[in-house]
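The block underneath contains the structure these notes are about, expressed in structure tokens.
Bear in mind that the values here come from a model prediction, so they are computed numbers and not experimental data.
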Amino acid sequence: MSCIDEHSYLTLCHLLSDQIALSLPPDKVYLAEARLQNLARQHTHGDINALIEKASTVADDALRTELVEAMAINETYFFRDPILSQSFLDTMIPALLEKRRRDKTLRIWSAACRYRSGSL
């Protein structure tokens, strides 16, 4: 298994932040290595550092998309957990409504549901 060096990990963090607003903490290198291992085998002979470099510098949107999807959190449990949903309704919504009272608008965008993964 290829190990991610510090420069490549920082590049990956910036790429994920720019592409999907995912903040990857410094202690998750092992997670990136595990999730990118198969993709690196397919594209860069198993070299994860080369994969990150290629996805971040080459105008290859397909590779970049594959890398981002491999790192994305593909869980929708937040919306199925009654405690989290109730907290959202009881705490966050009122606070947001109060903050937006003057505008009388509130927009909420959720990109957490995948095709056929369930709905609210």
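When atom types are taken as modelled, the side chain of Asp103 and the backbone of Thr105 share no donor-acceptor pair closer than 3.5 angstrom. No side-chain donor-acceptor contact under 3.5 Å links Arg100 to the backbone of Leu106. Proximity of a side-chain donor or acceptor of Glu66 to a complementary backbone N or O of Leu39 within less than 3.5 Å is not detected. In terms of modelled atom types and a separation under 3.5 Å, the side chain of Asn49 and the main chain of Cys3 share a donor-acceptor contact. A donor-acceptor distance shorter than 3.5 angstrom exists from the side chain of Ser56 to the backbone of Glu53, with no hydrogens or angles considered. In this structure, the side chain of Arg41 does not engage the main chain of Gly46 through any donor-acceptor pair within 3.5 Å.
Looking at Asp5 and Ser8, their side chains do bring a donor and an acceptor atom within 3.5 Å of each other.
The nearest pair of heavy atoms linking Met71 to Arg35 is O-NH1, 2.9 Å. Scanning both residues, Glu33 and Ile48, for their nearest heavy atoms gives O-CD1, 3.6 Å.
Here the CG atom belonging to Leu36 is positioned 5.0 Å from the CG atom belonging to Leu67, to the nearest 0.5 angstrom. The CG atom of Asn38 sits 10.5 Å away from atom NE2 of His43, with the distance rounded to the nearest 0.5 Å. Taking CD1 from Ile52 and OG1 from Thr57, the interatomic distance works out to 11.5 Å, rounded to the nearest 0.5 Å. Rounding to the nearest 0.5 Å gives a distance of 10.5 Å between CD of Gln37 and CD1 of Ile4.
Remark: Asp90 pairs with no residue by the salt bridge (Lys or Arg N to Asp or Glu O under 4.0 Å) rule, at least two apart or across chains.
Taking a 6.0 Å sphere around CD1 of Ile83, one finds it holds 12 or fewer heavy atoms contributed by other residues, nucleotides or ligands.
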Do any side-chain atoms of residues 9-17 form donor-acceptor pairs under 3.5 angstrom with protein atoms, and if so which ones, sequence neighbours left out?
unit_1	atom_1	unit_2	atom_2	d
Tyr9	OH	Pro25	O	2.5
Thr11	OG1	His7	O	2.9

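Legend: salt bridge (charged side-chain N to carboxylate O under 4.0 Å, His left out) pairs involving residues 14-31, not counting sequence neighbours: none detected.
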